Amino acid sequence: MAVELCLLLLLFCGSTISEVQPIYKPPPGTLDFGFVPSKTYDTGAYHEPGSIGILFKIVHAFLYLVQPNSFPQDLIRKVAQQQLGKTQGDYQKPENVVLTLQAIYYEIGFIVSAALGLLFILLLPLVGLCFCMCRCCDNCGGEMHQRQKKNADCQRSCFATFLFVASLIISVGVLCAYAANQHLTNQVRGAKKLVNSNFKDLKIFLNDTPAQIDYLVSQYNTAKDKALSDLNNVGPVLGTRVQEQLGKEVRPALDAALTMAGAIRETKEALENVSVSVEVLQEGTERLHANLTDVKTHLSNTLNDSACNAAQAASTCNIIRNSLSQLNINANFSGLPGVSSQLAKVNDVLKIDLSSLVQKGYAAFNDTPDLVVNQTRNILSAVPYIKSVLESIGSNITTFTKALPVQKILDDLMVYLTQSEAYVQDYFPLVEQYDFYRWLGCLILCCMVVLILVFYYLGLLCGTCGYDKHASPTTRGCISNTGGNFLMAGVGFSFLFSWVLMTVVVLTFVTGGNVEKLVCEPFEDKNLFKVLDTPYLLNQQWKNYLAGILFKNPNVNLTFEKVYSDCKENKGIYTSLHLEYLFNINEFLNISMYTEDVALKIEHIQINLSKIILLDEIGKENLLNFSSSGIDGIDFSAYLTEINKSVTKVDLLSFANDLEARADQLPKGALENALKGHANSIRMIHNQQVVPLEQAMKYVKARSTLNQSIRLLKKTSSELMVKVKNVISAVNAAQFLINNNASQVIVQETKKYMDTIVGYFEQYTEWVKESIAMEVAACKPIANVIDTAVDIFLCSYITDSVNTFWFGLGGSSMFLIPAIIFAVKLSKYYRRMDTEDVYDDTENGNNGYHKEHLYGIHNPVFTSSVEQW
């Protein structure tokens with residue numbers, strides 16, 4: 001096990017396992033190895049562009065219109081595998097021609113857009129040159145003469161509005177370009193913090209690994225100490241387990257016997273309660289019966305008087321005579337059978353204390369751990385040997401970990417990382433300097449557009465404010481004329497700068513757009529990794545390039561995408577890079593061969609528990625005597641019937657009232673008075689005897705006790721013989737288990753105990769595997785470096801900013817064309833002309849123009865075929 005556990009620490013070099021095995025959990029529970037020490041990485045490889053992000057999304061949407069095709073994985077693979085241009089004539093091969101056409105089809109949006117941009121670059125300066133030469137020849141609006149039209153004000157207003165709108169659009173475009181330019185500069189200036197954060201995380205990654213390895217090694221003592229503790233307490237621990245296993249049958253049997261002992265005591269109490277309660281109730285009912293008999297006799301004698309023979313009293317007397325049978329008790333407790341014989345037998349049973357015998361069985365069974373302790377002392381003699389084995393394993397682990405060149409590797413990596421950080425820090429000012437040059441160049445381009453806009457806005461301002469609609473073209477004011485000159489200046493600078501602007505736009509558009517579509521977008525959805533993972537792409541001899549570099553075995557299924565994804569999830573290097581092909585932990589963590597000695601020592605345990613007596617024969621005989629005590633022969637129904645009866649057959653109070661009412665029906669005399677006297681006697685008997693029998697605590701308690709006791713006896717006696725036999729059978733079965741099958745139980749529990757001891761080390765090895773897989777040397781900083789370099793620096797900082805810059809600058813450049821047209825048209829209405837058309841208010845037939853021969857004035861309207869701009 002030493003070798004295995006040592007080599008499990010080999011993983012710390014990388015730290016993770018490609019396939020994490022389920023953690024073993026031994027029967028009694030798991031060990032707590034704590035948490036592998038780790039620090040939180042600071043770098044958040046995510047960039048939020050802020051408000052300018054809206055512009056980025058607009059640019060992305062525009063690029064989607066230009067290039068809606070999905071990432072051409074197959075095309076890139078084929079192009080890379082063909083290695084075009086390596087030899088002459090490659091491009092003439094049919095398959096390469098097809099690939100070229102496919103590439104053109106994919107890039108058709110960029111090609112068309114770039115072609116339009118090139119046309120703009122070539123034609124606009126040429127058009128400007130021709131336009132300038134044309135105006136120098138007094139054509140193309142160069143002639144300082146303006147023909148008067150009736151809708152001149154409408155045209156001027158339209159041209160001014162269109163120019164203003166075009167200027168606004170150009171202004172928005174140049175603001176977008178400026179914002180993108182400034183955003184890139186701001187991000188470059190703030191990139192140093194992000195770079196330092198990445199270097200800090202990488203240092204944490206390297207510095208924490210040794211501490212994590214040491215922690216894994218130190219936790220071997222947790223498993224070792226627990227195993228030694230259990231071995232030192234083998235008797236109590238194993239004894240408790242054997243007791244728990246046997247207790248599944250022993251305890252229910254003893255509990256049933258103890259319950260039966262309690263039932264015997266309850267039966268005695270119930271029988272005594274029945275005997276006493278019946279005597280109390282018999283006494284009360286017998287006295288009541290005697291009094292009712294006397295009243296009934298006297299009342300019968302009164303009714304036999306001659307007065308009852310009279311015609312008026314005969315019927316009443318007969319009614320009363322017929323009701324005399326109701327004057328009698330209803331509940332007759334005197335006729336109930338006695339329980340003295342059953343009580344005597346139960347008392348004989350109780351002469352033997354069954355509860356004490358059961359408690360002795362409990363005590364004997366509870367001594368099981370002590371019996372096991374006394375019979376496992378031979379195991380304790382092997383504990384020093386086992387301890388020495390475990391100590392040697394621990395020392396071998398420590399020795400092996402120190403022999404590994406992990407620290408040297410980490411030190412070399414730290415030196416390389418420090419040098420790289422110093423290199424970056426040294427060259428960062430140079431990067432900022434070059435970025436300043438870039439920022440200045442882009443600012444100059446924006447200023448070119450701003451200069452044109454200044455002339456347009458000044459021309460619109462001066463022309464609009466200085467225009468006098470009452471002034472003729474030749475008499476326009478200085479401000480209006482200046483406005484026209486500003487507009488023409490703007491036109492001139494537009495021709496001068498537009499091709500420069502468009503050249504920059506085309507170059508940045510083709511570069512930035514393709515980087516976005518071919519790098520940034522496929523990086524985000526990991527299609528770029530799928531291309532890199534194409535078999536035999538980067539090396540025609542290797543199926544998996546990364547595996548070939550790391551393991552010199554290109555057949556290992558190790559891909560860029562899987563490594564990046566695992567590191568993104570903060571898994572360990574061992575898992576991410578499949579380092580099990582260098583160090584297979586499972587081969588070194590097979591501990592079975594190191595636990596054979598422990599297993600052999602434990603398996604030879606022999607324990608005899610035959611000394612445990614759960615219940616002796618006296619106790620069993622006592623139970624049988626109780627079952628034959630005769631309580632099941634009691635007439636429970638007779639008792640319950642009498643208990644539920646009322647005290648008298650008739651309500652004496654109602655009988656007395658009825659008797660008195662019938663006496664009132666008789667003629668006044670001795671008979672009436674005698675009957676009323678008997679009614680009062682009945683009332684007195686009701687109040688003095690019946691009411692106490694029903695309400696007095698003595699009788700109520702006797703009746704309640706009798707009811708409860710009878711019901712308890714009925715419940716106890718139900719299948720009493722079967723219950724007693726079941727209890728005795730359960731005790732016998734438990735005793736048989738202890739005497740005959742305890743050895744099998746002990747063997748089973750011994751094996752479980754051995755599995756527990758071995759399980760501590762299995763837990764340790766599995767915990768090490770799990771920790772190495774998920775916690776040790778977590779490679780999130782590597783993924784962060786890739787994200788920082790590609791997703792943040794290249795895509796978010798540079799590409800998005802560059803794309804937004806050409807988008808704004810290109811839009812401004814495109815709208816220079818309509819702005820030029822509207823500015824040239826509008827300037828005609830603001831500039832002071834050399835000649836003008838003359839109106840004659842008396843001659844309207846010739847559209848307000850005088851003919852040449854009338855005034856001898858040269859009229860350009862008739863000397864040129866078409867009025868120019």
Side-chain angles (χ1 to χ4, degrees), residues 124-125 127-136 138-149 151-175 177-178 444-501 808-809 811-836 867-869:
L124 203 61
V127 170
L129 179 62
C130 295
F131 179 73
C132 180
M133 295 174 62
C134 184
R135 288 182 66 86
C136 290
D138 290 337
N139 293 316
C140 304
E143 185 182 13
M144 299 302 289
H145 175 83
Q146 185 176 23
R147 179 178 178 180
Q148 296 295 312
K149 297 181 180 179
N151 61 348
D153 290 338
C154 180
Q155 288 184 351
R156 177 180 53 79
S157 299
C158 288
F159 291 148
T161 301
F162 292 150
L163 179 60
F164 181 72
V165 171
S167 298
L168 284 180
I169 295 174
I170 296 172
S171 300
V172 172
V174 75
L175 286 176
Y178 176 78
I444 292 173
L445 294 175
C446 293
C447 289
M448 291 180 180
V449 182
V450 170
L451 179 62
I452 296 172
L453 288 173
V454 168
F455 283 125
Y456 284 156
Y457 283 129
L458 288 176
L460 288 171
L461 179 64
C462 294
T464 302
C465 295
Y467 181 77
D468 184 2
K469 64 180 180 179
H470 299 294
S472 65
T474 57
T475 60
R476 289 172 181 154
C478 179
I479 296 177
S480 177
N481 184 58
T482 302
N485 290 334
F486 275 137
L487 292 178
M488 292 308 299
V491 171
F493 281 111
S494 296
F495 282 120
L496 288 176
F497 296 154
S498 60
W499 68 275
V500 177
L501 299 175
L809 195 63
S812 299
S813 300
M814 293 302 297
F815 276 91
L816 286 178
I817 296 176
I820 290 172
I821 296 174
F822 296 137
V824 172
K825 288 283 189 180
L826 185 60
S827 66
K828 200 76 171 181
Y829 293 92
Y830 291 160
R831 298 177 70 189
R832 186 184 300 121
M833 300 291 104
D834 293 337
T835 60
E836 63 178 321
E867 182 191 14
Q868 304 296 329
W869 293 0

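All figures in this text were calculated on a predicted structure; none of them were measured in a lab. Starting from 1, each residue takes its place in the sequence as its number.
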Measuring from [X]:[atom1] to [Y]:[atom2], what's the distance to the nearest 0.5 Å?
{"X": "Thr464", "Y": "Leu826", "atom1": "OG1", "atom2": "CG", "answer": "7.0 Å"}
{"X": "Ile820", "Y": "Phe815", "atom1": "CD1", "atom2": "CZ", "answer": "13.5 Å"}
{"X": "Asn485", "Y": "Leu458", "atom1": "CG", "atom2": "CG", "answer": "12.0 Å"}
{"X": "Met448", "Y": "Ser812", "atom1": "CE", "atom2": "OG", "answer": "13.5 Å"}
{"X": "Ile817", "Y": "Ser498", "atom1": "CD1", "atom2": "OG", "answer": "8.0 Å"}

Within the structure provided, determine whether Leu163 and Ser167 are in side-chain contact (heavy-atom separation under 4.5 Å).
yes
Does any non-hydrogen side-chain atom of Leu496 lie less than 4.5 Å from one of Phe493?
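Heavy-atom side-chain distance check passes, below 4.5 Å.
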Got a sec, which pairs hit side chain to side chain donor-acceptor pair (under 3.5 Å) with one end in residues 444-460, sequence neighbours left out?
Ser171-Tyr457, Tyr456-Ser494
If you compare all heavy atoms of Ser827 against all heavy atoms of Val824, which two are closest, and at what distance to 0.1 Å?
OG-O, 2.8 Å
Ignoring hydrogens, what is the shortest heavy-atom contact between Leu487 and Leu460? Give both atom names and the distance.
CD2-N, 4.1 Å
Does the pair Cys447 and Leu451 meet the rule for a side-chain contact (heavy atoms from CB on, under 4.5 Å), with working shown?
CA-CA 6 Å; Cys447 289; Leu451 179 62; over 6 Å; no
Stepwise side-chain contact (heavy atoms from CB on, under 4.5 Å) check, Val491 with Phe495:
CA-CA 6 Å; Val491 171; Phe495 282 120; 3.5 Å; yes
For Phe159, is the CZ atom crowded, meaning more than 12 foreign heavy atoms sit under 6.0 Å from it?
yes
Can you tell which of Leu816, Leu124, Ile452, Val449 makes a side-chain contact (heavy atoms from CB on, under 4.5 Å) with Phe497?
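It is Ile452; the other options fail the test.
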